[in-house]
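Beneath this line is the structure, given in structure tokens, with notes to follow.
In what follows, chains are A, B, ... by sequence order, proteins preceding strands, each numbered from 1. Nothing here was measured: the structure is a model prediction, and the numbers come from that model.
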Amino acid sequence: MQGSVHTLIRTQIDKATANAIVRNPAYLDDEQLSREGQFAVLTEIFNANVRDREIRDVSSHFAPMFQNGHPVHLSVLGKTGTGKTITILYLLHEFEELCRERRIPFRQYHLDLCCAVPCFRALNNLACLMGASKYYKRGISLDDLMLAIEKHLRSVSGYVTVFIDESDNIRTDADSFYKFLIKRLPQRIEGKLILVFASNRLNWADNLDPRIKSCLKMRETIFDPYDATDLQTILEIRVTKALRAGMMDEGVVPMIAALSSRNHGDARKAVDLLTRSAQLAEKQCQHITLDAVRQASEEIERDKYVTLIRTGPKHLQAALYAALLGSEKRPKSLHTGDAYLLYDHFCGAVSLRPLTQRAFSDLLSELDMYGFIRARTVSRGRYGRSKEIHIAVAAPVVAELKSTILACFGMVGPVVTRR
DNA sequence: TGTCCACAGGAAATACGGGGGT
DNA sequence: ACCCCCGTATTTCCTGTGGACA
């Protein structure tokens with residue numbers, strides 16, 4: 001008997017290795033790569049003429065630096081997944097090298113405001129990057145932080161580049177932060193300050209105080225979403241690095257590229273689709289087929305909804321549950337009032353204080369915006385005006401959403417509403 | 001043609017909570 | 001530790017509305 005278990009384990013391992021498609025998963029997930037690794041992949045991608053215009057644009061913008069000039073600030077705009085951050089980091093790294101060769105003093109800092117932070121946090125993080133101050137939770141004034149940064153930079157000559165990633169992500173008092181960077185800091189330091197902003201909101205600077213905005217001299221460059229050709233190039237480079245050769249049907253990469261460019265033009269999502277397809281194919285012990293891509297795409301779509309609702313506010317979850325439940329009972333005509341009643345009961349069952357109907361109406365609009373439901377306002381004559389609610393997601397997703405919501409409230413079975 | 005339903009959705013008021021100053 | 005301020009969430013109040021029905 002023992003022998004058979006050993007054989008089983010061995011054959012299973014052999015089988016799994018024989019079916020392995022992913023050879024080097026790091027190349028499917030940049031997080032797992034070192035900065036050098038990322039740059040190496042990027043070099044290949046850029047060499048294939050992807051992001052050519054943007055590279056020319058930014059390079060020529062920084063060119064005056066090599067003739068003792070002073071480039072104005074730069075604003076890099078574009079949707080998520082268009083490679084703004086990594087391209088800028090790459091270019092700044094290149095500029096740094098070039099400056100070293102030509103003995104031009106240059107230093108760069110990358111301030112990543114990946115989550116919304118108040119002015120204090122942003123300044124403190126910047127000061128920490130520069131080594132100008134320690135990390136404070138609180139208890140130090142904004143002015144002290146600014147002084148620390150000034151003091152640190154006062155002795156620095158040459159070019160100082162500060163790359164402010166997600167520059168629209170300053171939650172409170174963005175004006176003070178930018179007033180400091182744009183108006184005050186350049187006057188108090190000897191070096192030449194160049195700010196690089198990146199944002200996925202085209203009009204992020206519009207919210208700034210007009211006085212600050214007026215003295216913000218900057219040039220804008222826009223990163224367009226990748227088109228199918230670009231995505232195909234990017235995917236092919238990743239495929240050769242990450243996957244075993246010959247494990248993929250013809251047309252898989254073009255299909256992923258086409259789907260992704262049509263839906264979002266986001267390279268990260270395209271690579272994600274490739275990864276999911278590969279994993280799915282591995283599980284099914286076959287090559288990556290067009291069908292696997294289709295399945296993976298559906299899986300991602302489903303996950304998107306499920307994570308959206310799982311991480312969303314409680315009341316939104318409750319409202320969606322009510323809408324799903326109500327639509328089953330009355331697939332054709334679920335109106336706001338009925339849905340609110342169900343919501344009210346659900347809240348009672350999970351001991352959540354229900355919001356008013358006015359707020360519930362806004363929740364429905366939000367669910368509509370996210371694409372869970374379609375809620376259009378209709379007039380039923382003397383029976384009043386109301387929203388008509390239809391489910392906008394496929395049946396399997398509905399089931400998953402319902403169990404997810406119940407799990408969020410710590411329940412397993414369907415809720416028994418009393419009345 | 002006027003009425004009236006059952007809400008939509010805007011605006012103002014109010015509650016709440018967290019961060020920063022003292 | 002305490003207070004104040006400010007941004008956000010929610011409630012309250014209100015006006016508007018399209019079409020069935022009498």
Main-chain N/O of [Y] paired to [X] side chain as donor or acceptor, under 3.5 Å:
X: S297(A); Y: V293(A); answer: no
X: S361(A); Y: Q357(A); answer: no
X: R107(A); Y: V160(A); answer: no
X: E190(A); Y: V156(A); answer: no

- Query: Closest heavy-atom contact between L33(A) and A26(A)?
  - Reply: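 Distance-wise, the nearest heavy atoms are CG-O, 3.5 Å.
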- Item | Contact summary for E166(A) and D112(A), nearest pair of heavy atoms |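 Closest pair (atom of E166(A), atom of D112(A), distance): CG-OD1, 4.2 Å.
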Please check the phosphate of [N] (OP1 and OP2 only) for any side-chain N or O of [X] closer than 4.0 Å.
X: S361(A); N: dA8(B); answer: yes
X: K387(A); N: dA6(B); answer: no
X: T336(A); N: dA6(B); answer: no

Round to the nearest Å and state the distance from [X] atom [atom1] to [N] atom [atom2].
X: L341(A); N: dA6(B); atom1: CG; atom2: C1'; answer: 14 Å
X: H335(A); N: dC5(B); atom1: NE2; atom2: C1'; answer: 13 Å
X: K314(A); N: dA9(C); atom1: NZ; atom2: P; answer: 17 Å
X: L367(A); N: dA8(B); atom1: CG; atom2: P; answer: 13 Å
X: L364(A); N: dA6(B); atom1: CG; atom2: C1'; answer: 14 Å
X: L123(A); N: dG19(B); atom1: CG; atom2: P; answer: 17 Å
X: D368(A); N: dA8(B); atom1: CG; atom2: P; answer: 12 Å
X: F360(A); N: dG9(B); atom1: CZ; atom2: P; answer: 14 Å

- Query: With a distance cut-off below 6.0 Å to the six-membered ring centre and an angular limit of 45° from the axis, does R121(A) pair with F177(A) as a cation-pi contact?
  - Reply: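 The answer is no, since R121(A) fails at least one limit relative to F177(A).
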- Query: Using a cut-off of 4.0 Å between protein heavy atoms and nucleotide atoms, how would you tag nucleotides 11-22 of chain C 5' to 3' with B, S and -?
  - Reply: SB----BBBBS-
- Stem list, DNA chain C (Watson-Crick or G-U pairing under 3.5 Å, at least 3 consecutive pairs):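 Stem segments, range with range: B:1-22 with C:1-22.
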- With sequence neighbours excluded, tell me which residues meet salt bridge (charged side-chain N to carboxylate O under 4.0 Å, His left out) with R385(A).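 Counting only residues at least two positions away or on another chain, R385(A) forms no salt bridge (charged side-chain N to carboxylate O under 4.0 Å, His left out).
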- Task: Verify the ring-centre separation between Y159(A) and F95(A): is it less than 6.0 angstrom?
- Result: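 Not close enough - the centres of the two rings lie 6.0 Å or further apart.
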